[in-house]
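Inspection log for the structure reproduced underneath, given as structure tokens.
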Amino acid sequence: MLRAERQVGWNRVLTLSPQQAKGFFESNRRHIMAKSNELPKDDLYKLRHSAAHVMAEAVLELYPEAKVAIGPPIQEGFYYDFDLGRNADGTARTFAPDDLEWIEGRMRQIIGGRFPFQYREVSADEAKALFADQPYKIELIEGLERGSFDEYGNPLEEAPVISTYKHDTFEDLCRGPHVENTGKIPPDGFKLLSVAGAYWRGDENRPMLQRIYGTAWKNKKDLKAYLDRLEEAKKRDHRKVGKELDLYSSDSDDVGGGLILWHPNGALMRHLAEEFCKDEHLAHGYVLAYTPHIGRAKLWETSGHLGFYADNMYSPIEIEGQEFYLKPMNCPFHVNIFKSRLRSYRDLPVRMAEWGTVYRFERSGVLHGLARVRGFTQDDAHLFCRPDQMPAEIDRVLNFCLHILRSFGFTEFNAYLSTKPEKSVGPADQWQAAEHALEEALKRAEIPYEIDPGGGAFYGPKIDLKMLDALDREWQLSTIQFDFNLPERFDLHYIGEDGQQHRPYMIHRALLGSMERFFAVLIEHYGGNFPVWLQPQQVAVIPITDRNNDYAYQVQGKLEAAGLRVEVYDNSDRMQAKVRDAQLMKIPYMLVLGDREEEAGMVNLRLRTGERRGNMTLDDFLAMALDVVASKALI
RNA sequence: GCCACCCUAGCUCAGUCGGUAGAGCAGCGCAUUCGUAAUGCGCCGGUCGUCGGUUCAAAUCCGACGGGUGGCUCCA
């Protein structure tokens, strides 16, 4: 279903509609789920689906003229969409703030009625008569009738049976399954969470419906566990932690939405991360490039961006009568460098990397902290290689990617292999070779992956790696994308052994994706308790009284000389308060220094985990800390 | 962008029925020198997002605008 939607999308890509070309190198775009993760039709599924029906009944009592749309179970609950009709002034009616409470109460009454869910099959005509005053249902039935869609409007292989489920006064077009009766829904195991606008069939050109989200579990305990988990996730939210640890800010009023200010703490972390990555790139056969933030319109015409990516680009800047555009991607510049001289087959592969800052238009409603922004820096690189080098190059880049991710502690992610869409550019045999190389590389790296058939970009197949944030939302970080398009458009070539011109393969890749999004995921992954090597401040030296300050400075000097980042808490606060300050800033190591330590020439180590390691010599501490830093360990 | 909700001091928040602004933290000052998550006292700090309207009177009611949060994708 998703697949089919995407194919429709990609068909439009090939007509070069800008709207539909958004998948193009979308390392900063939150990706549509490519997983075919059909929810198992287990007890929870039935429970949630049934709760949705019960909710619809309650809503129809509150708003008898409401039209019902669809109400499926989802991963942790359910929702139902309603069209509540119009207000007197013609505006769309929406739920009132206390409606949810009333609906929830009414649902409990319905549950208490233990009404059986009754299944029946009907003909299309019967169904239409039954739902005569429900236009959305009629649309669904017509889809079913045509045999190509199910009750949610998704394409189907075969014409399905049209069925309904009825409980109490509410009968819904539905395939089921459901619990036997409403009494099976635990009255204290569900909760209505929020209302939201949602377009009918997800299409913004169609009416906006009112959606109520709810969550439902087998019992009160599971519900509470879920709600607690939501609370915990909020504490890890990178926007909250980013503020608490003074890592970054954005100021939509004065600076602009989706534009990030990296504060010194965050900037230091980013510097450390980039420094490490750049060194690794240089050690792994990459060359670096720096390219400008703007380029002439001509460049973006040649690259095709003005043709199919214009919707994500900002308005042109006019300079002496010529139009320049802020770059949404780095590739045309790198291609230009590749073209700047004649390349021999001996020069390949060329691996050109740049921490390139790009700007893309994102609709205001989708901006999200660091994870979805309008200006961001990709750890971008373009690989130019000979066809015979391609499989090894893919292997190499995938392994390098895993190495980088693991260096930051990421070992779990969802991998996707997206293959040739119906329409595409580039020769079929090259596609096949590229897909084969990508898949073999995944297999050799022993990464579990899912194939998204036809999910590739029109210009080439790709591997995407996606991480989860605190709320288990997927964010794409790494991407490795073939490009059969740009070498053609820019007429790239190298001189082969035979003295003839040959077209190189080109691969886009970003490993962390963008520094901004990577930090969003990094912050949530660690909840702010970063590995010591990345920690802006690694050691808090806490003298117990002013008498111990000089000793504290000595300790600081020695640790700093060894390369650790150390601060002495030499204010007049009590030691407890200093510990608390360091604790709140999630400083990994606290060295408490009182008269006892000073006399013995020791340090007393407390970890941010709360663990107290007691007295040790400064040398022992230093050796331990340096080892943790070098190994990129957590603490 | 669209729907809902929200916007009060640097931060987190309170503010009843419309009667003219509060707390904690942070900051600053003074005192305190303390053994593993908050020492005490004092001071400073607000055009209640902006603009307009209703009213004798607006943080509070209404409207527009700006900004934020969640949702609009999790469907099988």
Side-chain angles (χ1 to χ4, degrees), chain A residues 1-2 4-6 30-41 45 49 70-77 79 81 84 91-97 99-100 150-156 160 175 193-213 234 237 239-240 243-244 246 249-254 256-257 361-369 471-474 540 542-549 570-585 590-597 604-608 610-614:
Chain A
M1 19 301 24
L2 174 64
E5 282 167 25
R6 300 189 71 177
R30 186 167 157 202
H31 212 281
I32 294 166
M33 286 282 287
K35 273 185 163 177
S36 54
N37 57 342
E38 180 169 338
L39 295 179
K41 294 215 169 40
Y45 180 100
H49 202 170
I70 60 170
I74 54 176
Q75 271 180 6
E76 290 170 323
Y79 68 79
D81 287 345
L84 300 182
T91 56
R93 179 174 295 158
T94 56
F95 285 106
D99 283 353
L100 286 195
D150 69 2
E151 71 269 33
Y152 302 138
N154 295 312
L156 276 182
R175 239 184 347 163
L193 296 175
S194 60
V195 294
Y199 299 107
W200 170 233
R201 295 204 160 164
D203 182 344
E204 63 187 13
N205 299 310
R206 310 214 54 187
M208 176 161 275
L209 308 173
Q210 299 303 309
R211 173 174 299 180
I212 299 179
Y213 279 101
K234 273 189 202 161
D237 189 311
R239 292 164 303 179
K240 181 175 156 68
K243 189 183 281 186
E244 288 165 353
D246 199 16
S249 65
S250 58
D251 180 340
S252 302
D253 279 323
D254 290 333
F361 171 71
E362 298 283 355
R363 300 212 274 186
S364 58
V366 304
L367 298 175
H368 182 81
L471 284 171
D472 286 343
R473 293 177 294 205
E474 255 191 347
I542 299 175
I544 292 180
T545 78
D546 288 353
R547 287 193 302 282
N548 311 115
N549 281 359
D570 56 3
N571 60 37
S572 63
D573 279 342
R574 294 170 64 203
M575 180 261 312
Q576 286 90 332
K578 296 176 183 179
V579 168
R580 182 169 190 270
D581 285 348
Q583 199 71 54
L584 288 175
M585 290 305 284
M590 284 157 255
L591 299 181
V592 177
L593 306 182
D595 294 338
R596 295 206 291 267
E597 286 72 23
N604 194 295
L605 174 63
R606 176 196 167 101
L607 304 181
R608 67 181 162 201
E611 184 188 345
R612 287 163 65 172
R613 291 270 174 93

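Naming: A, B, ... by sequence-line order, numbering from 1 per chain. Only this structure's heavy atoms are used, side chains among them; waters, hydrogens and symmetry mates stay out. Everything numeric here is computed off the predicted structure, so don't read it as measured data.
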Can you check the distance between [N] and [M], where both ends of the measurement are the [atom1] atom (answer in whole Å)?
| N | M | atom1 | answer |
| --- | --- | --- | --- |
| B/rG68 | B/rG49 | C1' | 11 Å |
| B/rC2 | B/rC65 | P | 9 Å |
| B/rU54 | B/rU12 | P | 35 Å |
| B/rU60 | B/rC17 | P | 15 Å |
| B/rA64 | B/rC11 | P | 28 Å |
| B/rC44 | B/rG29 | C1' | 10 Å |
| B/rC3 | B/rG18 | C1' | 30 Å |
| B/rA37 | B/rA21 | P | 41 Å |

Over all atoms of both residues, closest heavy-atom pair of [X] and [Y]:
| X | Y | value |
| --- | --- | --- |
| A/P72 | A/I70 | CD-C, 3.8 Å |
| A/G257 | A/L367 | C-CD1, 3.8 Å |
| A/D573 | A/K578 | O-CE, 3.3 Å |
| A/I544 | A/G594 | CD1-CA, 3.7 Å |

>> Going by side-chain hydrogen bond (donor to acceptor under 3.5 Å, both in side chains), name the residues that satisfy it together with A/K240, two or more places apart in sequence or in a different chain.
In response: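 Per chain and number, A/K240 pairs via side-chain hydrogen bond (donor to acceptor under 3.5 Å, both in side chains) with A/E244.
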
>> Just to verify, what does A/R613 make a side-chain hydrogen bond (donor to acceptor under 3.5 Å, both in side chains) with, not counting sequence neighbours?
In response: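 Per chain and number, A/R613 pairs via side-chain hydrogen bond (donor to acceptor under 3.5 Å, both in side chains) with A/E611.
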
For [X], which residues count as a side chain to side chain contact (heavy atoms under 4.5 Å, CB included) partner, sequence neighbours excluded?
| X | result |
| --- | --- |
| A/N205 | A/D203 |
| A/T94 | A/Q210 |
| A/N549 | A/P543, A/D546, A/Y553, A/D570 |
| A/R606 | A/V579, A/Q583, A/M590, A/R612 |

> So what does the secondary structure string of RNA chain B come out as, 5' to 3', with Watson-Crick or wobble pairs under 3.5 angstrom, [ ] for crossing and | for pairs with another strand?
Replying inline: (((((((..((((.....[..)))).(((((.......))))).....(((((..]....))))))))))))....

[X] vs [N]: side-chain N/O to OP1/OP2 distance below 4.0 Å:
| X | N | value |
| --- | --- | --- |
| A/S252 | B/rG68 | yes |
| A/Y79 | B/rC75 | no |
| A/H368 | B/rG70 | yes |

Tell me the interatomic distance from [X], atom [atom1], to [N], atom [atom2], rounded to whole angstroms.
| X | N | atom1 | atom2 | value |
| --- | --- | --- | --- | --- |
| A/E204 | B/rC72 | CD | P | 14 Å |
| A/N571 | B/rU32 | CG | C1' | 12 Å |
| A/Y199 | B/rC75 | OH | C1' | 18 Å |
| A/Q75 | B/rC74 | CD | P | 10 Å |
| A/R239 | B/rG67 | CZ | C1' | 14 Å |
| A/L209 | B/rA4 | CG | P | 13 Å |
| A/I70 | B/rC75 | CD1 | P | 10 Å |
| A/Y213 | B/rC75 | OH | P | 10 Å |

Pairs under 3.5 Å (N/O, protein and nucleotides 44-49 of chain B):
none

May I ask you to test the [X]-[Y] pair for a side-chain heavy-atom distance under 4.5 Å?
| X | Y | value |
| --- | --- | --- |
| A/L84 | A/F95 | yes |
| A/L591 | A/I542 | no |
| A/D595 | A/R547 | yes |
| A/I74 | A/Y79 | yes |

Between the protein and nucleotides 34-37 of chain B, which nitrogen or oxygen pairs are less than 3.5 angstrom apart?
unit_1 : atom_1 : unit_2 : atom_2 : d
B/rC34 : OP2    : A/R547 : NH1    : 3.2
B/rC34 : OP2    : A/R547 : NH2    : 2.9
B/rC34 : N4     : A/S572 : O      : 3.0
B/rG35 : O6     : A/D595 : N      : 3.4
B/rG35 : O6     : A/R596 : N      : 3.2
B/rG35 : N1     : A/E597 : OE1    : 2.9
B/rG35 : N1     : A/E597 : OE2    : 3.4
B/rG35 : N2     : A/E597 : OE1    : 3.2
B/rG35 : N2     : A/E597 : OE2    : 2.5
B/rU36 : O3'    : A/R606 : NH1    : 3.2
B/rU36 : O2'    : A/R606 : NH1    : 2.7
B/rU36 : O2'    : A/R612 : NH1    : 3.3
B/rU36 : N3     : A/N604 : OD1    : 3.4
B/rU36 : O4     : A/N604 : OD1    : 2.4
B/rU36 : O4     : A/N604 : ND2    : 3.0
B/rA37 : OP2    : A/R606 : NH1    : 3.1

>> Could you work out, with ring pair (Phe, Tyr, Trp, His ring centres under 6.0 Å) as the rule, every residue matching A/Y199, not counting sequence neighbours?
In response: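 Not a single residue meets the ring pair (Phe, Tyr, Trp, His ring centres under 6.0 Å) criterion with A/Y199.
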
Could you go over nucleotides 6-14 of chain B and give all protein N or O partners under 3.5 Å, atom names and distances?
unit_1 : atom_1 : unit_2 : atom_2 : d
B/rU12 : OP1    : A/K243 : NZ     : 3.1

Within the 4.0 Å heavy-atom criterion, would you say [X] contacts the bases, only the backbone, or no part of the nucleic acid?
| X | answer |
| --- | --- |
| A/E76 | nothing |
| A/A198 | sugar-phosphate |
| A/G365 | base |

> Picking from B/rC75, B/rC72, B/rG70, which would you name as closest to the side chain of A/R211?
Replying inline: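 Closest of the options to the side chain of A/R211: B/rC72.
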
> Who passes salt bridge (Lys or Arg N to Asp or Glu O under 4.0 Å) against A/K234, sequence neighbours left out?
Replying inline: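 Result, salt bridge (Lys or Arg N to Asp or Glu O under 4.0 Å) vs A/K234: A/E231.
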
> With nearest nucleotides of RNA chain B determined for A/A96 and A/G369 from heavy-atom distances, which residue corresponds to the more 5′ nucleotide?
Replying inline: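 Its nucleotide being nearer the 5' end, the pick is A/A96.
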
